[in-house]
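The next block holds one structure in the form of structure tokens; read it before the comments.
Throughout, numbering of the chain's residues begins at 1 and tracks the sequence.
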Amino acid sequence: MNVIKSIMRVIFTIFKVLLKFISFMAVMLGGAYILAPMGTINSKDIDLSLFTNTPNETMMVIFNSEYFSGYLFAVTIALALFVAYLLWELHEVAVHKAQEKKSSHIQLVFALSLCGLFLHKAWWVLAIIIAFANWEHIGASISSVIRDGFKSFKTSNTDAVDAEKTNTQSEVQS
């Protein structure tokens, strides 16, 4: 029974990938059809015998097609939008990490990310540091440093008081 479920899961995944690909290609071809009038080719009447390395006739038919130019334009727009989306995701990595860790600094990280977007990138770096830092460990380390400092201060004070008492007792005995 588990084998059938795993086979069906694989088939469903393949079907989903194919459906996404077909829908992407439909959007791109629709964009090519819409953007084709913007892709007029001005060099269709150039004599190709003037060039030494010319593509074959079939490729030239494709290259001289306005729909091919429209498709390239649609692909370029889609690529630019995808890169902008990836840059936004990179920009929001600190906020997502803070939400994932259920940190109490989520609003601070979000505000610093926005300051990094509009003001200066140093604020974004600070947001990254705050989001990825292990604040429980940092707090425990700072507490232990302070605790050890107080212990050392108390022992040095008691040593100084003991030394003072010894000095005064030896002066009294003399």
Side-chain angles (χ1 to χ4, degrees), residues 1-49 51-141:
M1 193 56 137
N2 288 337
V3 173
I4 295 173
K5 283 183 181 180
S6 63
I7 291 172
M8 292 303 289
R9 191 176 306 126
V10 168
I11 291 172
F12 179 71
T13 304
I14 291 171
F15 178 72
K16 194 164 62 170
V17 168
L18 285 175
L19 185 65
K20 286 180 182 180
F21 176 74
I22 290 170
S23 62
F24 173 75
M25 288 306 293
V27 167
M28 296 309 292
L29 291 175
Y33 181 75
I34 292 170
L35 298 172
M38 296 173 67
T40 54
I41 309 296
N42 296 322
S43 60
K44 283 186 177 182
D45 55 350
I46 293 177
D47 184 22
L48 294 178
S49 64
F51 300 100
T52 56
N53 262 347
T54 58
N56 60 18
E57 292 298 319
T58 308
M59 292 304 294
M60 284 312 297
V61 168
I62 293 173
F63 290 153
N64 284 333
S65 169
E66 280 85 9
Y67 292 107
F68 181 71
S69 294
Y71 183 77
L72 290 179
F73 191 47
V75 167
T76 303
I77 290 173
L79 185 64
L81 289 174
F82 182 67
V83 167
Y85 170 75
L86 289 179
L87 288 173
W88 178 255
E89 286 296 316
L90 176 66
H91 173 73
E92 288 291 310
V93 72
V95 176
H96 294 304
K97 184 65 172 183
Q99 286 176 344
E100 176 187 314
K101 291 169 75 174
K102 293 184 172 72
S103 174
S104 59
H105 304 101
I106 295 173
Q107 291 176 339
L108 175 66
V109 168
F110 179 72
L112 289 173
S113 290
L114 285 180
C115 288
L117 181 64
F118 295 115
L119 299 176
H120 195 274
K121 296 302 175 208
W123 295 112
W124 181 73
V125 172
L126 183 63
I128 293 274
I129 291 170
I130 290 172
F132 281 85
N134 186 352
W135 288 103
E136 293 175 7
H137 180 70
I138 291 171
S141 297

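Evaluation of the side-chain contact (heavy atoms from CB on, under 4.5 Å) rule for Leu119 yields Cys115, Trp123 as partners, not counting sequence neighbours. Shown here are the salt bridge (Lys or Arg N to Asp or Glu O under 4.0 Å) partners of Glu100, two or more places apart in sequence or in another chain: Lys97.
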Identify every side-chain donor-acceptor pair in residues 75-83 under 3.5 Å, counting partners at least two apart or on other chains, and give the distances.
from	atom 1	to	atom 2	distance (Å)
Thr76	OG1	Leu72	O	2.7

Got a list of side-chain donor-acceptor pairs under 3.5 Å for residues 17-25, not counting sequence neighbours?
from	atom 1	to	atom 2	distance (Å)
Ser23	OG	Leu19	O	3.1
Ser23	OG	Lys20	O	2.8

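Of all heavy-atom pairs between Leu90 and Trp124, the closest is O-CZ2, 3.5 Å. Counting all heavy atoms, side chain and backbone alike, Ser113 lies closest to Ala94 at OG-CB, 4.3 Å. Considering all non-hydrogen atoms of both residues, Ala74 and Gly31 come closest at CB-C, 4.1 Å.
Proximity of Val10 to Ile14: side-chain heavy atoms (C-beta onward) are separated by under 4.5 Å at one or more points.
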